[in-house]
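These numbers come from a predicted model, not from an experiment. Naming convention: chains lettered A, B, ... in sequence-line order (proteins, then strands); numbering from 1 in each chain.
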Amino acid sequence: MGFCAEDLAAALKGSLGKDPVSHYPVLTLRGKRTLISTASALASVDGKIVRLQESPAVIEGCLWLPAEFLTSVLPQILGGPVTIRGAEGKAPPAESKVPPKLEAKPEPKAAQAQKGASVSVGAEVAADSVRLTLAGKDAVLADVAQGSKEIVVTLAQGGLTGTAQDVGAGIVDGIAFNQGGRTLKVALGPGFKRLESLKLSDPDRLVLVFKGEGQRLNPPPPEDVQAAPETADAGIAPGGPPRKTAAFDTVVLDPGHGGSDTGATTAGGLQEKDLTLVLAQKAAALLEKAGLKVILTRSTDTQVPLVQRTAIANYNRADLFLSIHLNSSPAPSARGTETYFLSRNATDLWSTQLAAKENTEGVASGATADSGLNLVLWELAQTSYIVESSALAEAIQQEFNTLLGTTDRGVRQAPFVVLEGAQMPAVLVEVAFLSNPDESKRLTDPAFQDQVAQGLTQSILAFKARYDKPQAPPPAS
Amino acid sequence: MTNRKRPRRRAEAALFTAALCALLVSCREAPKAPPQSAEQAAPSAAQTVTASRTLFYPQADDMLLAPCPVVMPATGSPQQDMAALIRRYLAGPPGDGQVQPFLEHSALRALFLIGSEAVVDLTGPVRAGGGSATEAARVYGIVQTLAYNFPDVKSVRILVDGQEVDTLLGHLDLSRSLPPEPRLVAGSAGTQGDAE
Ligand SMILES: [Zn+2]
């Protein structure tokens with residue numbers, strides 16, 4: 001059973017359009033964009049993936065949505081449960097287009113009683129992980145924001161209770177929230193490596209697993225606590241993340257490697273880390289000239305951890321993340337540009353494995369086999385932007401095929417660490433091969449470096465043009 | 001199961017395989033017939049049971065993985081045959097046109113199976129030299145070779161000297177198990193995954 005998206009849009013005074021990049025339908029309701037995949041059982045609400053049991057489909061001019069869209073996707077859009085009065089779902093193919101009498105009720109009566117209902121906070125500490133569980137109906141609707149030094153969980157409603165603050169230090173240096181409050185802050189310690197986030201049902205709960213090493217229940221004396229590494233050029237300013245405007249205005253460029261991590265090198269003494277910095281700086285200058293705010297993950301020869309590079313982009317709410325590298329192969333003849341976006345194969349497998357593991361371990365009683373359907377892998381945030389990222393990768397690849405005279409190259413996918421956590425379109429470009437004598441020579445030529453910077457800028461501006469005009473008709477192809 | 005015999009000594013086996021590979025004109029061509037499994041390979045009058053296998057090495061020009069058919073001794077024990085396959089892989093491609101992504105002295109320490117996951121423990125200079133093309137070729141050369149020849153293998157986890165590693169050369173995430181990546185394989189040679 002299901003219904004037409006057009007009817008839903010009309011009933012809720014929204015609109016139905018087309019995403020200019022992916023060509024997928026976009027349902028805009030209450031200012032939120034929901035990308036609906038007709039190729040798979042997925043929808044993406046403002047970048048957050050929601051898995052459906054059945055795939056939406058275009059049937060006789062109607063964008064048919066399965067009935068579960070009302071219960072699994074719509075609450076995410078409207079920020080609360082939805083009541084349906086006398087809705088007659090229909091089976092595909094659609095025979096009539098009678099809109100379901102549907103009404104958004106962010107606060108229905110049943111929920112009223114639960115407003116202010118408690119979300120209990122519990123923590124389990126192990127040497128290699130801290131597992132934080134927020135249990136309660138409102139926990140699964142919480143917003144989770146990751147910065148480089150802290151993670152902030154914000155409840156839309158309800159209040160936090162519990163005594164989970166004392167977790168020691170190492171991976172997580174502290175958990176802070178007020179009883180009855182809606183905001184919980186987790187201070188990340190030097191041992192923190194990654195966050196796995198799961199939304200599970202029966203009972204409803206949000207599980208955040210902070211992975212890393214060296215969690216100790218007794219924190220060391222203050223003089224032993226290491227200061228966080230300096231991020232002078234890391235674009236992380238005190239006082240919280242900058243407020244985000246709707247327009248595409250911020251780009252994060254990531255010059256690959258740095259410090260003791262030289263990246264690829266040549267017998268002649270060229271180092272990948274030096275050339276990526278030059279290229280990023282040249283591209284940054286051009287992009288700034290075009291009116292964009294550009295943040296470099298490093299502007300000097302320093303080593304910045306891979307996860308921090310992505311965190312910088314997330315913290316600054318960048319609209320695009322581009323990691324710049326130079327390639328190397330044992331075969332000197334290898335040449336040309338390789339542009340990558342995140343591998344879907346790997347991330348799908350990881351999501352499945354994590355869900356299975358979580359259910360097997362049974363964080364809380366009542367975990368069901370299909371809890372995995374609610375899975376959100378925070379550290380794989382990039383999966384929500386795969387379509388946009390592939391379009392960006394394609395644009396860059398084409399630009400550089402022309403520049404380097406290669407014609408047979410397509411974009412590639414692989415699980416790059418630096419792309420996984422990015423909450424925006426993100427690609428990694430291997431501009432050319434340092435191991436190829438000809439390309440290596442060109443890479444040191446300032447005129448060629450300018451051409452590369454120009455090529456990156458063109459691709460980004462073309463992507464911005466499409467991103468900024470979501471209602472533009474899709475380009476003929 | 002037709003296996004009874006252990007393969008000949010490794011040196012002999014390697015020689016045998018190398019001789020067969022030398023007869024192949026090019027490793028760029030996909031094998032004409034799907035490779036046979038150890039079970040399907042008819043035992044010859046002699047003692048050695050063999051199986052057709054396909055190794056995936058990067059092409060020199062674009063670094064995409066391309067198939068290279070070889071015939072190898074088979075024991076009938078998937079774990080042993082996989083280990084032999086990876087040892088053979090680490091020896092490098094037999095023909096021209098493909099690249100050995102690993103440095104000399106890279107070796108297999110151990111290989112074991114956990115359900116549909118193969119855990120490959122490497123040692124030697126596997127974390128030295130190269131950019132992401134080299135890293136992708138090392139990682140996915142192994143993943144693709146195992147998954148193609150042993151369809152029960154759905155993913156591969158790579159360890160170095162018995163330890164989990166975040167990455168080999170600073171690009172790819174090796175903290176978890178990796179399924180094959182068809183986009184890193186030339187043509188569609190890598191997408192079937194139904195070798196047996
Ligand atoms: Zn690199």
Show the numbers, then the answer: is there a side-chain contact (heavy atoms from CB on, under 4.5 Å) between B:Met63 and A:Glu430? CA-CA 13 Å; B:Met63 295 299 283; A:Glu430 295 278 356; over 6 Å; no

Nearest 0.5 angstrom please: [X] [atom1] to [Y] [atom2], how far?
X	Y	atom1	atom2	value
B:Ser132	A:Arg412	OG	CZ	9.0 Å
A:Phe416	B:Glu135	CZ	CD	7.0 Å
A:Asn436	B:Asp61	CG	CG	11.0 Å

Does any backbone or side-chain atom of A:Ser435 lie under 4.5 Å from a heavy atom of chain B? Answer side chain, backbone, both or neither. neither

At a heavy-atom separation under 4.5 Å, does A:Glu338 approach chain B through its side chain, its backbone, both, or neither? side chain

Can you see which heavy atom on [X] is nearest to which on [Y], and at what distance?
X	Y	result
A:His257	B:Leu169	CE1-O, 4.2 Å
B:Thr134	A:Ser329	OG1-CA, 3.6 Å
A:Val417	B:Asp166	CG2-O, 4.4 Å
B:Gly131	A:Asn327	C-OD1, 4.0 Å

Checked B:Ser155, B:Gly170, B:Ala133, B:Ala136 vs chain A; the most non-hydrogen pairs under 4.5 Å come from B:Ala133

Option that, when pairs with chain A are counted at under 4.5 Å, heavy atom only, ranks first among B:Thr167, B:Leu64, B:Leu178: B:Leu64

Side chain, backbone, both or neither: which part of B:Pro179 has a heavy atom under 4.5 Å from chain A? both

Which atoms of B:Leu172 approach chain A - backbone, side chain, both or neither, heavy atom under 4.5 Å: both

Between A:Ser323, A:Ala264, A:Ala331, A:Ala334, which shows the greatest number of heavy-atom pairs under 4.5 Å with chain B? A:Ala334

